[in-house]
Every structure is written in structure tokens, then in C-alpha cells.
Amino acid sequence: MTLIDGKKTADDIKREIAAEVQKMVARGLKRPHLAAILVGHDGGSETYVANKVKACEVCGFRSTLIRHEDDVSEQVLLDDIARLNADPDVDGFIVQLPLPRHIDEQKIIEAIDFRKDVDGFHPINVGRMSIGLPCFKSATPAGIIELLARYDIPTRGKRCVVLGRSNIVGKPVATLMMQKSNPGDATVTVCHSATEGLADITRQADIIIAALGRPGFVTADMVKDGVTIIDVGTTRVPDPSRKSGFRLSGDVDFDNVAPKCSFITPVPGGVGPMTICSLMKNTLLAATGAVYPR
Ligand code: GUN
């Protein structure tokens, strides 16, 4: 069994990006600039955004954080977005999700200029990705593909089962895994809450990508020997023995499943660090105009 080290892989990639930025600066170009809008004080969102700001420093990017309280109006967010869309100094920006219930998340996403949508959530980027055109690929799926590539995990012709059909992970990662590319070229099945006979399907999988947000859902009896498992779950479960009062739990019963695997990602330290890394990569692509010429 090989443990896929997402932290090390992400650190390698961030070093590659930092070297690229140094070259840009040496040529007299400006540093890439990522902005983030954060609403409220959700612990998970705070951590994600803090890690994104830290990653910007490591990569040599400028970063700007715009914060609002939970009761911010939709119009104030739309005004922020209009300003960032028009600011030539900002290469890309994100609005951290989830947003409070009184705000229409889809309206917010669609207000972002797709050429600055480094999260890859805008329908134009989603659509372009699905037909294999240059675009900003959403960060978690792109990070998963990068891990498969860097660990040389064969995907062509393999049976890949995706657990979960979210717009952020399940749907886009299924799209990328079935695309005519390497990694890709897999035979993909997407399972969700209405799937019947789920364990019969997962037992046939060469690769399982679990993105349900249900701690320990995938158990040893649901997988075959030699499977590759990518665990995208990051649920906070109470743990009084920790100073924080919680620990992160993946969707896979790691201790019992890992011995059956060829490759498996841990939680934390697997997919999580790669997501942020993909965001940095998209920001670099936005700054250089490599996807959408400026
Ligand atoms: N919330 C959970 N994951 C993400 C992400 O990748 N981007 C944004 N903007 N919000 C998230």
C-alpha cells in the first residue's frame, strides 16, 4: 500500500509556482494577485481562507482578503464582485462557500467574470471543462487529477466509481476522469444518495473517489483488493482529546480499508492541500493569460 502524500506533492508544486513567479518578476512583470471574499466566521471557511492566503505568500503572490459579517446583503457582495471584475490589478478571485442562506449562491457565482473565476465554478468554465476546452478547472477535481498523474496511477480503461454528485467535486471529477486524456480515459460510474446496490458497484471499482461528506462511509467490505482510493471527505467530528475539540474525518474507514489498497490518500494531508495548490495554479494561469488571453 502506498500512502499518497498530498502535503508533499502540494509543497513541490508551490515551489514550482514560486520559481515561475520569480522569473516573471525578474522580467519586470507584476506578481499574480488573488483576492478572496469571506462571509461570516464558519471555522472551516476561516481555515480554508487562511490557508489560501498563506499559500499566496509561499508562491510569491499578492493576496487581498475582503471580509463581511453573516448579515451582509447580497447587493454588497455583488458590488464587491463588480469592483474585483473591473480591477486590472486583480488577476483572479474567489467567494468562499457556503454563503448564508439569504444569499443566492448561484447568482453570486454567475456575477464573477469567468476570466477571473479561478475556482472554476462559473457555468462558462464548467461548460468549457465538460467539452475539453481551455478553462479554469475547479480546484479539488484538478488537484485529484494532479495526484493521480504525479503518482503514475493508471486510469485508462479502469473502472472509476465517484461517490457524490456535488457541483464542486463529484460532477466535475467524473467529467475529468472520463475525458480522453491521461489521467482520464476511465469508465466512470457516479453513485449518490439514490443509488441502489452501492456496495456491489464499489466492489468492482479500480479507483474510488469518495466525496460524500459522511465520515467512515466506505468500509473494507465495500472495496476490492488493490483498489486506489481518493478520499475527499473533510468532516469535523468532535474529539475532546484535541485542543481544537475536533478532528477531520474522511469518508473512508481508513484503518480497515488501507491494507486492501494499492494507493490511498489520508485525511488530513491528502486531497486538501492539493485543492489550494490548484487554486494557486489557476491564479498563475489567470495572471499570465494562458487560459483567457488578456
Ligand atoms: N468551499 C469548499 N470548498 C471550496 C472551494 O474550493 N472554493 C470556494 N470558494 N469555497 C469552497
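For the single chain, residues carry numbers from 1 onward in sequence order. Atoms within each ligand, like the ligands themselves, are counted from 1 in listed order.
In this structure, the salt bridge (charged side-chain N to carboxylate O under 4.0 Å, His left out) partners of Glu46, at least two apart in sequence or on a different chain, are Arg67.
Among protein residues, Lys52, Val95, Gln96, Leu97, Asp119, Phe121 come within 4.0 Å of ligand 1, judged on heavy atoms.
Classified by interplanar angle (parallel below 30°, tilted 30° to 60°, perpendicular above 60°), the ring pair Phe263/Tyr151 is perpendicular.
Using a 4.0 Å cut-off between charged side-chain N and carboxylate O, Lys158 and Asp185 make no salt bridge. A salt bridge links Asp89 with Arg62; the closest basic N to acidic carboxylate O contact falls under 4.0 Å.
If you run salt bridge (Lys or Arg N to Asp or Glu O under 4.0 Å) between Lys8 and each of Asp12, Asp11, Asp5, only Asp12 comes through.
A cation-pi geometry, defined here as NZ or CZ lying under 6.0 Å from the six-membered ring centre and within 45° of its normal, holds between Arg236 and Phe246.
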